[in-house]
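First the structure, in the form of structure tokens, and then the observations on it.
Keep in mind that what you see is a predicted model, and the values were worked out from it rather than measured.
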Amino acid sequence: PTGVRLADASSFLSLEYARTVNSVGALTLTLPGTFDTQNLIAPDGRIEVWRRLPSGREYLDTDTVWFIQGITYDIDDEGRRTIVVSADSGLFLLKEPGRFVDGFAGSASATKTDQADDMCKAIVREQAGSIAAAARSLSAYLGVQADTASAPTISKAFAWRPVLTVLQEIAQASFEAGTYLAFDIVSPTPDTLEFQTFVGQRGIDHRFPSGVNPVLLGPDMGNMGATSLSYDWRNEVSYAKAGGSGEGRGRITDEYLDSARAAASPFRRREAFVQATNTDTTTALADEASAAVRGGRPRVILQGKIASTPDTQYGVDWQWGDYVTVQAFGMQLDARVDAIKVSVTPDSENIEAVVRSETYL
């Protein structure tokens, strides 16, 4: 649990791990029944997945370590014994159960206005890091990246809520304000942990033609499989009213209208009410209403599966979290590799990656 390396488990029978940006990833490691679990497998023990490229370079895949959360001993019909270890990526430390915002409505720890990336870091410092109460502090093991003020300024109230959920909502609010924001608990070195934010993309910008070693993907080029493009007006919001503290006639409210979208058709005034009972100022309520309207814009969503080819290899040309360009349906769209699943046996490796682009009309 503290990052001291105990053993090499490369004699595994199978390995599978999956990651999605801004979510807790899951890993399953199947070991021979003779593996020394008594001395080497413990709750919150860390698993490192190192991947070797054809060039010989090795790297810690998806930049993180995995924390053991379960173990199962199996005997099959033929009497063969295996040990199945289940583990979660570092963000599990911030989910529920795990860590909630310990602060009452209106307190400085549960109500903030800040750049979205720095707000995420402040919350982690206060709820699990160097500013947390001694009994809650993980600062001996978990660092927090320095502030960079790289995302839009937002306001948010979040008393008593799970930290990971709050961080996910902040990232979504940043995206709706025009800036993609990702976060993760990474391992700068195998025995250290750090909470970091990523603005623009989780990994490297490989967009065509101006990115670093541009990557152009598409079904017609043989490096993408099933691909879809959709236009979605179903959850559009063009008017929102936010309700804050108080009751009855004394409850404060504020509103926001996107007049251009509301006038696009006789039926496009699509209304939503935002419950913001932790909020007690009209300025903050106006922000809540505006955020609901921004988040309710019609969307264009491109999604597809990447096929690893000699010219577009995982770990060489692209990795999880990178920004790439997809050419499909007669257009070019920038997209991010937001989800990946890796399955490994002693004889094979299978990579399933999903590339996704989500923009607003």
- request: Could you please spell out the steps behind the side-chain contact (heavy atoms from CB on, under 4.5 Å) verdict for Leu13 and Phe35?
  value: CA-CA 11 Å; Leu13 301 176; Phe35 194 84; over 6 Å; no

- prompt: For residues Gln168 and Gln172, is any side-chain donor paired with an opposing acceptor at under 3.5 Å?
  reply: no

message: How close do Leu257 and Ala262 get, counting heavy atoms only, and between which atoms?
response: CD1-CB, 3.9 Å

Donor on one side chain, acceptor on other, Thr37 and Tyr73, under 3.5 Å: yes

Candidate pair Arg207 and Asp205, rule salt bridge (charged side-chain N to carboxylate O under 4.0 Å, His left out), full reasoning: CA-CA 6 Å; Arg207 286 178 294 174; Asp205 185 352; 2.9 Å; yes

task: Any pair with a residue in residues 146-191 that passes ring-ring contact (aromatic ring centres under 6.0 Å, His included), sequence neighbours left out, goes on the list, sorted by first then second residue, please.
output: Phe175-Tyr360

Residue pair Ser137 / Ser139, side-chain donor-acceptor N/O under 3.5 Å: yes

message: Grouping I, L, V, M, F, W and Y whenever their side-chain heavy atoms are under 4.5 Å apart, do Trp320 and Val344 come out in a common cluster?
response: yes

Within residues 208-265 or reaching into it, pairs that qualify as ring-ring contact (aromatic ring centres under 6.0 Å, His included) - sequence neighbours excluded: none

Over all atoms of both residues, closest heavy-atom pair of Asp61 and Val342: OD2-CG2, 4.3 Å

field: Under 4.5 Å side-chain linkage, directly or through intermediates, the cluster mates of Phe198
entry: Val186

query: Who are the side-chain contact (heavy atoms from CB on, under 4.5 Å) partners of Val316, not counting sequence neighbours?
result: Leu53, Gln313

query: Are Asp8 and Ser10 linked by a side-chain donor-acceptor pair shorter than 3.5 Å?
result: yes

message: Please find the pair of heavy atoms, one from Thr227 and one from Pro219, that lie closest to each other, and give the distance.
response: OG1-CG, 3.5 Å

message: Test: ring-ring contact (aromatic ring centres under 6.0 Å, His included). Region: residues 275-315. Which pairs qualify, not counting sequence neighbours?
response: Tyr314-Trp318

message: Show every ring-ring contact (aromatic ring centres under 6.0 Å, His included) that has at least one partner inside residues 95-154, sequence neighbours left out.
response: none

field: Heavy-atom side-chain proximity of Asn223 to Leu216 below 4.5 angstrom
entry: no

- prompt: Can Ile47 be reached from Ile41 by stepping across I, L, V, M, F, W or Y side chains whose heavy atoms are under 4.5 Å apart?
  reply: yes

- line: Closest heavy-atom pair, Ile154 versus Ala173, reported as atoms and distance to 0.1 Å, is CD1-CB, 4.0 Å

message: Side chains of Arg80 and Thr82, heavy atoms from C-beta outward: is any pair under 4.5 Å?
response: no

query: Does the side chain of Ser174 come under 3.5 Å of the side chain of Asp117 through a donor N or O and an acceptor N or O?
result: no

